[in-house]
Amino acid sequence: MRIVTVPCRSDNYAYLLICEETKKAAVVDPSEAAPVLAAIDAAGVTCAAIWNTHHHYDHIEGNEAIAKKFSECEVVGHKSDRGRIPSQTSYVGDGDELTVGTQIRARVLFNPGHTAGAISYFLESSSAVFTGDTLFAAGCGRLFEGTTEQMHASLTSLTELPPATRVYCGHEYTESNLRFAAAVEPDNVAIAERIAAVEGKRAEGIDTMGFSVADELATNVFVRTDMAQVRESARRESGITSTEPSEIFAGLRAWKDRL
Ligand code: ZN
Ligand code: FE
């Protein structure tokens, strides 16, 4: 299985997952059709599936044009997103299994918070997870439809995947997320090191996707709600006196939303 990152719009990523044996592919979150169709063409593959992580326009607007071009293409989204995802043909829930060709096998993880029907696609045998706008590199999506408890639980469950799992998310927000992380946890050396590595990549025009769950455990302040400095920052900036992880999370999210 091979993963091709397809930059879309100003800072979105779609992904082309290729089964090299059958030349069948799955596309994750085609936010526009043209760059994804170009990547499909360049790889010489047939698009067998579109996997949407959630209904937002910047994840689904390429659906119709791609599905039209590949008549066998199934369009997958959460069952609660029925009517909100164009061309949807498959309505999935937590734990459902998906296969494309012989090499691509994914399990659906229900991750509400950013939206009510947000899901991730976990490819255990390929050690990869596609998280949409739930888990970002060193950050997380805003809460549009879910509660802070839901989002915190979703992030926690994603960071309980095997630490070597590679994460591919919906946006290139890594540098700004890490700047916020450094403000929350100024003494965290792993954050400083990750900033240096990410700045190097971005200066060369390289994307920062395919980071690891282990990277997130070390540098994502939204899942580091047990750390003293994270709690202290949530107290100082948002007045959170509770040590309840989801409340610390809510304090951090509110602080970042104000920036
Ligand atoms: Zn979104
Ligand atoms: Fe998005």
Side-chain angles (χ1 to χ4, degrees), residues 3-17 26-36 39 50-66 75-88 91-94 108-122 128-155 157-159 167-178 180 198 202 207-211 216 220 222-223 249-250 252-254 256-257 259:
I3 298 167
V4 178
T5 301
V6 185
C8 296
R9 299 178 183 268
S10 56
D11 53 32
N12 273 95
Y13 291 124
Y15 299 97
L16 189 59
L17 283 52
V27 174
V28 177
D29 282 356
S31 58
E32 51 179 341
V36 174
I50 293 171
W51 294 347
N52 293 120
T53 60
H54 64 295
H55 71 90
H56 283 160
Y57 76 97
D58 62 324
H59 298 258
I60 53 90
E61 276 194 355
N63 280 15
E64 273 180 299
I66 297 167
V75 179
V76 181
H78 191 255
K79 54 194 173 190
S80 71
D81 272 337
R82 185 182 287 267
R84 304 205 290 182
I85 292 180
S87 309
Q88 186 172 3
Y91 305 86
V92 298
D94 192 52
V108 173
L109 308 176
F110 182 46
N111 295 146
H114 178 66
T115 64
I119 54 180
S120 297
Y121 296 88
F122 176 45
V129 66
F130 296 84
T131 59
D133 291 356
T134 303
L135 176 65
F136 288 138
C140 68
R142 286 173 184 261
L143 280 74
F144 286 107
E145 297 170 6
T147 65
T148 53
E149 288 81 4
Q150 282 179 323
M151 189 59 153
H152 187 256
S154 294
L155 293 174
S157 70
L158 286 168
T159 52
V167 186
Y168 299 84
C169 64
H171 293 266
E172 181 64 61
Y173 293 157
T174 311
E175 274 184 297
S176 65
N177 285 341
L178 282 166
F180 177 72
V198 161
R202 297 305 292 151
D207 71 75
T208 63
M209 299 299 109
F211 52 94
E216 293 309 293
N220 190 322
F222 293 100
V223 295
F249 168 81
L252 297 175
R253 191 61 257 180
K256 190 161 194 298
D257 289 346
L259 298 178

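Start at 1 with the first residue, then count along the sequence. Atoms within each ligand, like the ligands themselves, are counted from 1 in listed order.
- H56 and F144 have their aromatic ring centers within a separation under 6.0 angstrom.
- Looking only at its N/O/S atoms, D133 has OD2 as the one nearest to the Fe ion (ligand 2).
- At a cut-off of 2.8 Å, D133 is counted among the residues with an N, O or S atom near the Zn ion (ligand 1).
- The Zn ion (ligand 1) lies closest to atom ND1 when only the N/O/S atoms of H56 are considered.
- The aromatic ring centroids of H78 and F110 lie less than 6.0 Å from each other.
- To the nearest 10 degrees, the angle centred on the Fe ion (ligand 2) between NE2 in H171 and NE2 in H59 reads 110°.
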Using the ring pair (Phe, Tyr, Trp, His ring centres under 6.0 Å) rule, take Y15 and F130 through it: C-alpha gap first, then chi angles, then the decisive distance, then the call.
CA-CA 9 Å; Y15 299 97; F130 296 84; 5.3 Å; yes
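- Not one N/O/S atom of H59, from backbone or side chain, sits under 2.8 Å from the Zn ion (ligand 1).
- Geometry at the Zn ion (ligand 1): NE2/H114 and NE2/H54 form an angle of 100°, nearest 10 degrees.
- Between the side chains of D81 and H55, not a single donor N or O lies within less than 3.5 Å of an accepting N or O.
- Ring pair H59/H54: centre-to-centre distance below 6.0 Å.
- Nearest approach of C140 to R253, heavy atoms of both residues: O-NH1, 2.8 Å.
- For the Fe ion (ligand 2), the nearest N, O or S atom contributed by D58 is named OD2.
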